[in-house]
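What follows is a short report on a single structure.
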Protein chains: 2
Amino acid sequence: MTIRVAVIEDQKDTRDMLAVLINGSEGYKCVATYENGEDAISAIPELEPDVVMVDIHLPGLTGIESVRKLKALCPEMQFIMCTSLEDPENIFNALQAGATGYLTKSTTPTKILEAIADAYNGGAPMSSQIARKVLTFFQAKEEKVNKELDKLSAREQEILDYLSKGYRYKEIASLLFINIETVRKHIHNIYEKLQVNSRTDALNKVFPKPKGLYALAI
Amino acid sequence: MTIRVAVIEDQKDTRDMLAVLINGSEGYKCVATYENGEDAISAIPELEPDVVMVDIHLPGLTGIESVRKLKALCPEMQFIMCTSLEDPENIFNALQAGATGYLTKSTTPTKILEAIADAYNGGAPMSSQIARKVLTFFQAKEEKVNKELDKLSAREQEILDYLSKGYRYKEIASLLFINIETVRKHIHNIYEKLQVNSRTDALNKVFPKPKGLYALAI
DNA sequence: AATGAAATACCACTATCGTGGTATTTTTCA
DNA sequence: TGAAAAATACCACGATAGTGGTATTTCATT
């Protein structure tokens with residue numbers, strides 16, 4: 001069983017180095033190399049490699065954008081980002097775009113081959129330093145949420161939860177075995193604390209939407 | 001430099017095994033073991049270990065809840081979850097609670113020690129299989145979104161976008177330079193197509209929330 | 001040229017929501 | 001124990017949202 005690999009990398013020496021490494025190893029074959037994202041996008045869907053190594057820095061279309069487009073066309077294909085940059089923003093964007101691995105350029109040849117096999121076998125190859133940065137992104141998201149949320153009492157949070165699910169006042173009242181007027185009062189207090197005056201505004205304040213979701217969907 | 005480790009694990013044999021492993025290794029010291037989360041929470045903030053190994057399955061307070069509380073008290077402390085479960089929900093919740101590592105019980109002693117050192121040094125030790133599951137959580141989105149969304153005409157999508165931002169009918173009307181009755185009509189059509197009858201329900205149908213987010217925040 | 005979908009506009013009615021009060025009981029915590 | 005915070009309940013009013021109609025115009029496609 002041979003893993004078919006493609007490489008997108010603008011620097012000729014790195015590109016050739018990768019091709020030689022891959023072709024020189026049992027079980028791996030480099031089936032194509034590209035020096036920019038545009039060429040890769042027009043050729044890769046036909047070629048159907050198993051794994052694609054992508055440089056983040058590409059002239060024209062960036063590596064991240066290339067992955068986003070390719071992943072949409074070929075959901076089964078595995079993408080590994082290769083870069084010198086470790087900043088969280090790039091890591092996050094790359095992974096969100098559909099990459100499953102993230103290697104820095106200092107990675108040893110052995111580790112590169114391992115990473116390719118790993119991605120092919122359902123893993124997500126990345127150093128634990130990078131994994132930590134991913135986690136930071138995860139955990140950072142919550143903070144802001146709680147900041148608004150912990151202004152509210154437990155009961156208020158409970159009611160807000162029902163609001164978020166679209167329940168009407170009287171439904172909430174019967175679910176909580178309290179009077180509708182009490183529900184109304186709680187919600188009034190919630191709105192005051194959050195400085196809003198509608199259900200939707202309250203929810204948007206407490207559960208901020210992931211950016212770009214709608215823009216993307218259009 | 002010695003890394004000070006604490007262990008929270010209800011099964012005596014596993015607990016003892018970990019303690020022996022840690023104390024038998026140069027550079028590591030097991031400073032305490034606990035058989036449940038409650039004991040750990042009352043003792044660990046005083047003790048200030050560098051790294052805490054936490055079993056997910058604990059009697060009473062779960063491992064995840066224990067980490068959440070401890071992390072709030074001691075943000076610098078590193079937590080590694082140990083479990084036999086690899087299901088995405090647990091992984092996600094544990095990491096969101098503040099754990100930085102996630103080991104399965106099949107991990108070898110050497111890898112366990114490596115993981116402890118790794119967490120201590122700013123990494124996030126986890127297998128690449130687990131890393132992939134984390135990514136899946138990141139990437140799991142869209143799909144359903146578009147399915148509901150493309151039932152709607154462009155104008156309807158535009159109006160739904162305003163609804164999601166909390167605008168009132170008359171605000172939408174003046175933003176789009178159309179009559180409020182037209183807005184009302186569009187929204188009525190939107191609700192019909194989506195088979196709902198309130199703003200919140202429509203938004204929940206088109207922009208499904210990442211599950212577990214709110215439950216976590218409580 | 002005809003059909004149909006989408007966008008526009010208007011009306012009347014009901015339900016629900018949001019505001020602004022007051023007041024009692026329960027819980028929490030200093 | 002005493003004060004503060006939270007939860008409960010009630011009322012009245014105006015604003016907004018949602019329902020169910022009809023009807024005209026525009027635009028794309030057959």
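Each chain gets a letter, A, B and so on, in the order the sequences are listed, and its residues count up from 1. Keep in mind that what you see is a predicted model, and the values were worked out from it rather than measured.
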*With distance as the sole criterion, is a donor-acceptor pair present between the side chains of B:Asn90 and B:Asn93 under 3.5 Å?*
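Side-chain D/A pair, B:Asn90 to B:Asn93: absent.
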
Tell me whether [X] is salt-bridged to [Y], with the criterion being a basic N under 4.0 Å from an acidic carboxylate O.
X        : Y        : answer
A:Glu156 : A:Lys193 : yes
A:Asp161 : A:Lys165 : yes
A:Arg15  : A:Asp10  : no
A:Arg184 : A:Glu181 : yes
A:Arg68  : A:Glu65  : yes

Output the rounded distance in Å from [atom1] ([X]) to [atom2] ([N]).
X        : N      : atom1 : atom2 : answer
B:Ile190 : D:dT19 : CD1   : P     : 12 Å
B:Ile172 : D:dG18 : CD1   : P     : 10 Å
B:Glu156 : C:dA7  : CD    : C1'   : 9 Å

(Q) Looking at B:Lys170, I'd like to know if its NZ atom is crowded, meaning that more than 12 non-hydrogen atoms belonging to other residues, nucleotides or ligands lie closer than 6.0 Å. (A)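 No.
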
Contact string for nucleotides 8-18 of chain C, one letter per nucleotide 5' to 3', B = base within protein heavy-atom range under 4.0 Å, S = sugar-phosphate only, - = neither, reads BBBB----SBB

Letter by letter from the 5' end, nucleotides 25-30 of chain D scores (B base, S sugar-phosphate only, - none; protein heavy atoms under 4.0 Å) ------

- Task: Would you mind reporting whether A:Thr100 and B:Arg132 have side-chain heavy atoms less than 4.5 Å apart?
- Result: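 Side-chain contact under 4.5 Å: yes.
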
